[in-house]
Amino acid sequence: MNFDLTTEQKLIQKTIREFSEEEVAPGAEQRDKDKRFPREVFDKLSELGMMGLPFPEDYGGAGSDTISFAIVVEELSRACGSTGITYSAHISLGGAPLYLFGTEEQKQKYLTPICTGESLGAFGLTEPNAGSDAGGTQTEAVLKNHEFIINGNKCFITNASYAKHLALTAITGRDGTKKEISAIIVPTDAEGFTIIDNYEKMGLNASNTTELVLEDVCVPEDNLLGKPGEGFRQFLITLDGGRIGIGAMAVGIAQGAYEKALAYAKERKQFGKSLSGFQAIQFKLADMAMKIELARNMVYKAAWLKDQGRQFSKEASMAKLYASEICMEVTNQAVQIHGGYGYMKEYQVERMMRDAKLLEIGEGTSEIQRMVIARSLGC
Ligand SMILES: Cc1cc2nc3c(=O)[nH]c(=O)nc-3n(C[C@H](O)[C@H](O)[C@H](O)COP(=O)(O)OP(=O)(O)OC[C@H]3O[C@@H](n4cnc5c(N)ncnc54)[C@H](O)[C@@H]3O)c2cc1C
């Protein structure tokens with residue numbers, strides 16, 4: 001067994017860590033307050049060749065691997081959770097389904113602008129009445145004269161305001177009570193397509209979360225991703241990969257909060273000594289470091305399995321579940337170690353704690369992860 005990163009992975013880690021410290025971390029607090037999406041950060045990530053990192057060079061990608069993707073998400077999230085989720089969704093929800101299920105022509109046309117960063121990647125699955133039960137989709141796409149006419153609503157969709165097109169799920173047919181769900185690529189400037197960006201969120205305030213309204217949106221039949229009725233299977237596969245991204249985000253946010261807590265504990269004096277001299281605080285920091293280490297190993301293992309072309313669904317679920325739950329714990333303890341100052345925005349750990357909560361909800365809640373894991377155990 002070899003736990004070392006490859007030379008290329010180490011180089012990516014070094015590059016993205018420096019970038020995150022210099023270009024992402026400094027404005028994170030202000031962007032959270034202003035709820036400002038940092039388009040310029042993603043332009044710079046394009047220049048670094050990160051926007052198509054795990055996709056082949058034929059489509060403008062960097063031909064790298066899933067471990068490298070996880071490292072980039074982790075490092076960006078260590079500096080700013082909003083930047084981390086934007087990048088993670090861009091690759092794993094936006095780019096991946098096009099790469100996995102698209103025709104050669106679709107990849108050239110739709111994956112390439114994602115890899116170059118010209119378009120951000122997005123994926124429209126969730127609806128007001130179809131969240132955990134994503135099969136409850138109500139959006140309908142009716143095929144008429146070789147065109148799909150789509151009507152419906154999607155909610156909580158990441159990155160859509162900055163996407164030129166996105167894949168979304170819709171009912172394309174019915175067999176009695178059984179729905180045929182397919183994924184269709186829809187240009188965001190299509191007539192009848194409205195993107196609403198006005199959610200008031202708990203955290204991840206500098207990320208773009210949108211509502212989509214589709215009113216008689218027409219797209220060519222050729223925009224179908226894969227075959228009719230494959231949408232359900234496609235999104236399950238897409239979410240497996242996405243969970244590695246959420247797990248990596250959790251490791252990054254937790255790492256960022258832990259580092260701030262450790263530095264503060266060394267600096268802050270009470271009762272004549274540093275907080276880090278009190279065993280109660282030392283034990284908190286020890287638990288935080290241990291849990292982050294374990295979560296990181298789980299995320300990298302799931303990524304490694306994926307890179308080997310092996311089954312990784314259970315491991316991705318376990319990694320996402322564990323990492324997101326320890327991220328909540330670690331960020332909570334980071335606030336606790338900061339005392340009253342931790343409650344103040346200036347110290348940034350409260351932002352990390354707010355950002356962390358989404359990780360227990362998005363791309364399958366903790367309850368859904370436990371169901372996925374239990375099913376893999378044969379329950
Ligand atoms: C910031 C943000 C970004 C997002 N980005 C995207 C995106 O880019 N694309 C996209 O498609 N979606 C996105 N989502 C949606 C997200 O994936 C869903 O919110 C999530 O899957 C949960 O669905 P729901 O909100 O409808 O909750 P519900 O499904 O209504 O769940 C509510 C509660 O009930 C529990 N529950 C549900 N069913 C069961 C069950 N069978 N057993 C036990 N407990 C159950 C859940 O675990 C949860 O605790 C995003 C959400 C947020 C908040």
Side-chain angles (χ1 to χ4, degrees), residues 32 35 37 73 77 80-98 114 119-139 152-163 165-170 181 183-186 188 195-214 225 231-232 234-243 245-247 249-250 253 317 320-321 324-325 327-328 351 354-375 379:
D32 174 66
K35 302 182 180 8
F37 183 84
V73 175
S77 304
C80 168
S82 291
T83 308
I85 194 175
T86 304
Y87 181 81
S88 184
H90 167 78
I91 299 274
S92 66
L93 299 184
L98 297 169
I114 285 181
S119 170
L120 286 193
F123 183 61
L125 175 65
T126 306
E127 298 188 6
N129 293 313
S132 300
D133 178 16
T137 289
Q138 292 173 328
T139 297
N153 293 284
K154 298 281 171 184
C155 61
F156 307 145
I157 307 306
T158 304
N159 290 346
S161 303
Y162 299 90
H165 48 79
L166 54 84
L168 54 81
T169 48
I181 297 176
I184 300 169
I185 305 164
V186 184
T188 49
I195 298 173
I196 305 163
D197 170 17
N198 65 1
Y199 286 117
E200 290 279 338
K201 294 181 288 188
M202 172 193 278
L204 298 172
N205 283 326
S207 73
N208 175 245
T209 312
T210 63
E211 209 178 323
L212 312 181
V213 181
L214 295 101
L225 194 60
F232 196 81
Q234 288 170 351
F235 77 65
L236 290 180
I237 296 172
T238 301
L239 290 180
D240 280 345
R243 284 167 189 159
I246 298 284
M249 259 189 86
I253 294 177
S317 262
K320 192 266 186 192
L321 174 61
S324 57
E325 292 193 345
C327 184
M328 224 28 241
R351 181 188 87 240
R354 286 186 285 109
D355 289 353
K357 185 60 199 167
L358 180 271
L359 308 176
E360 294 184 320
I361 298 169
E363 300 200 32
T365 61
S366 295
E367 290 77 12
I368 295 299
Q369 302 311 321
R370 287 189 166 85
M371 284 164 58
V372 171
I373 297 164
R375 221 174 281 140
C379 296

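Note that these values count all heavy atoms, side chains included, but never hydrogens, waters or copies made by symmetry. Indexing begins at 1, ligand by ligand and atom by atom, following the structure's order.
For atom 24 (P) of ligand 1, the closest non-hydrogen atom on the protein side is Gly131 CA, 3.9 Å. Closest to atom 7 (C) of ligand 1, if we only count protein heavy atoms, is Phe156 O, 3.4 Å. Here the protein heavy atom with the shortest distance to atom 12 (N) of ligand 1 is Thr126 OG1, 2.7 Å. Given atom 3 (C) of ligand 1, the protein heavy atom at minimum distance is Thr158 OG1, 3.4 Å. At the shortest separation from atom 20 (C) of ligand 1 among protein heavy atoms lies Ile361 O, 3.5 Å. Looking only at heavy atoms of the protein, atom 39 (C) of ligand 1 is closest to Ile368 CD1, 4.3 Å. For atom 17 (O) of ligand 1, the closest heavy atom belonging to the protein is Glu363 N, 3.4 Å.
With atom 36 (N) of ligand 1 as the reference point, the heavy atom nearest to it among Ser132, Gly242, Gly203, Cys155 is part of Ser132. Around atom 42 (N) of ligand 1, the closest heavy atom drawn from Arg370, Met371, Glu367, Glu127 belongs to Met371.
Ligand 1 has no nitrogen or oxygen under 3.5 angstrom from a nitrogen or oxygen of Asp133. Every N/O-N/O distance between Thr209 and ligand 1 stays at or above 3.5 Å.
Outside the 6.0 Å centre-distance limit, the rings of Phe235 and Phe123 are not counted as a close aromatic pair.
Contact annotation for atom 32 (C) of ligand 1: protein absent (non-hydrogen atoms, distance under 4.0 Å). There is a protein heavy atom closer than 4.0 angstrom to atom 52 (C) of ligand 1. Distances from atom 26 (O) of ligand 1 to the protein include at least one heavy-atom value under 4.0 Å.
Taking a cut-off of under 4.0 Å to the non-hydrogen atoms of Phe123, the atoms of ligand 1 that pass are 7 (C), 8 (O), 9 (N), 10 (C), 11 (O). Numbered from 1 in the order shown, with element, the atoms of ligand 1 that lie under 4.0 Å from a heavy atom of Ile157 read 7 (C), 8 (O), 9 (N), 10 (C), 11 (O).
Between the side chain of Asn159 and the main chain of Leu120, no donor-acceptor pair closer than 3.5 Å is present. Not a single donor-acceptor pair under 3.5 Å links the side chain of Glu360 to the backbone N or O of Met328. Using a distance-only test at 3.5 Å, with no hydrogens or angles considered, no donor-acceptor pair links the side chain of Gln234 to the main chain of Pro97.
Contact annotation for Thr365 and ligand 1: only side-chain heavy atoms (C-beta onward) come within less than 4.0 Å of the ligand. Looking at Leu358 against ligand 1, only its side chain comes within 4.0 Å, counting heavy atoms.
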Practice task
Kindly determine whether Arg243 and Leu239 satisfy side chain to side chain contact (heavy atoms under 4.5 Å, CB included), including the steps that lead there.
Solution key: CA-CA 6 Å; Arg243 284 167 189 159; Leu239 290 180; 4.1 Å; yes
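Taking the six-membered ring where tryptophan is involved, the planes of Phe156 and Tyr199 are tilted, since the angle between them lies from 30° to 60°.
There is no side-chain donor-acceptor pair under 3.5 Å between Thr210 and Lys154. Checked by atom type, the side-chain pair Ser317/Gln369 shows a donor-acceptor distance below 3.5 Å.
The structure places CG of Asp32 at 6.0 Å from CZ of Arg351, a figure rounded to the nearest 0.5 Å. Between Thr158 atom OG1 and Asn208 atom CG the span is 7.5 Å, to the nearest 0.5 Å. With values rounded to the nearest 0.5 angstrom, Leu204 atom CG is found 9.5 Å from Thr83 atom OG1.
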